[in-house]
Amino acid sequence: MIFVDRVGRKPLAIIGSVGMVIGLALEAWALSAHLVDGKLPATQGWVALIAAHVFVLFFALSWGVIVWVMLGEMFPNRLRAAALGVAAAAQWIANWAITASFPSLAEWNLSGTYVIYTIFAALSIPFVLKFVRETNGKTLEEMG
């Protein structure tokens with residue numbers, strides 16, 4: 001939370017996306033290794049562990065926080081309550097879809113699953129650059 005007002009919402013989203021792409025891509029690479037006795041080779045095992053932590057760190061420093069901050073700021077006053085309800089519902093449905101689809105995707109191809117997640121994280125960068133307005137330092141009335 002301390003970075004939201006210091007860095008800004010949009011830069012924080014981009015930084016978070018880049019970090020998540022790196023973490024997810026490294027995870028995809030590590031999990032593509034051939035298992036030896038049911039285990040990843042040592043290098044890939046360490047990379048998988050560190051990459052998972054990199055992803056969680058960048059998500060927690062960015063998207064995990066700023067989505068909820070920005071949702072409360074981006075809608076005009078007259079629509080805020082209804083729009084925030086719809087947006088929050090969409091957020092939770094997306095979270096559920098990822099959680100529910102992971103087991104079957106992982107069974108299909110664990111590394112491929114992380115490649116798909118990497119692609120979506122990478123797509124968030126141009127999305128933020130093109131469509132997300134910076135709301136830092138603006139009043140609610142200025143944003144509506």
Legend entry - Short side-chain to backbone donor-acceptor contact, Glu134 and Arg9, under 3.5 Å: yes

Legend entry - Check: Ser62 side chain, Ala13 main-chain N or O, donor-acceptor pair, under 3.5 Å: no

Inset, instruction - Measure the shortest side-chain to side-chain distance between Val4 and Leu12 over non-hydrogen atoms and say whether it is less than 4.5 angstrom. - result: yes

Legend entry - Within-4.5 Å side-chain heavy-atom neighbours: Ile22 and Phe55: no

Inset, instruction - Kindly check if the number of other-residue, nucleotide or ligand heavy atoms within 6.0 Å of CH2 (Trp92) is above 12? - result: no

Legend entry - ILVMFWY clustering at 4.5 Å (side-chain atoms), partners of Trp46: Leu49

Inset, instruction - Please report the closest heavy-atom contact between Leu40 and Leu31, naming both atoms and the distance. - result: CD1-CD2, 3.9 Å

Legend entry - Shortest non-hydrogen separation from Val115 to Ala28 and the atoms involved: CG2-CB, 3.8 Å

Legend entry - Distance-only polar pair, side chains of Ser17 and Trp63, donor-acceptor under 3.5 Å: yes

Inset, instruction - Compare all side-chain heavy atoms of Trp29 with those of Gln44 and state whether any distance is below 4.5 angstrom. - result: yes

Inset, instruction - Calculate, to the nearest 0.5 Å, the distance between atoms CG and CG belonging to Leu35 and Leu110 respectively. - result: 9.5 Å

Legend entry - 4.5 Å side-chain heavy-atom contact, Trp68 and Gln91: yes

Inset, instruction - Of all the heavy-atom pairs spanning Val132 and Lys10, show the shortest one and how long it is. - result: O-NZ, 3.0 Å

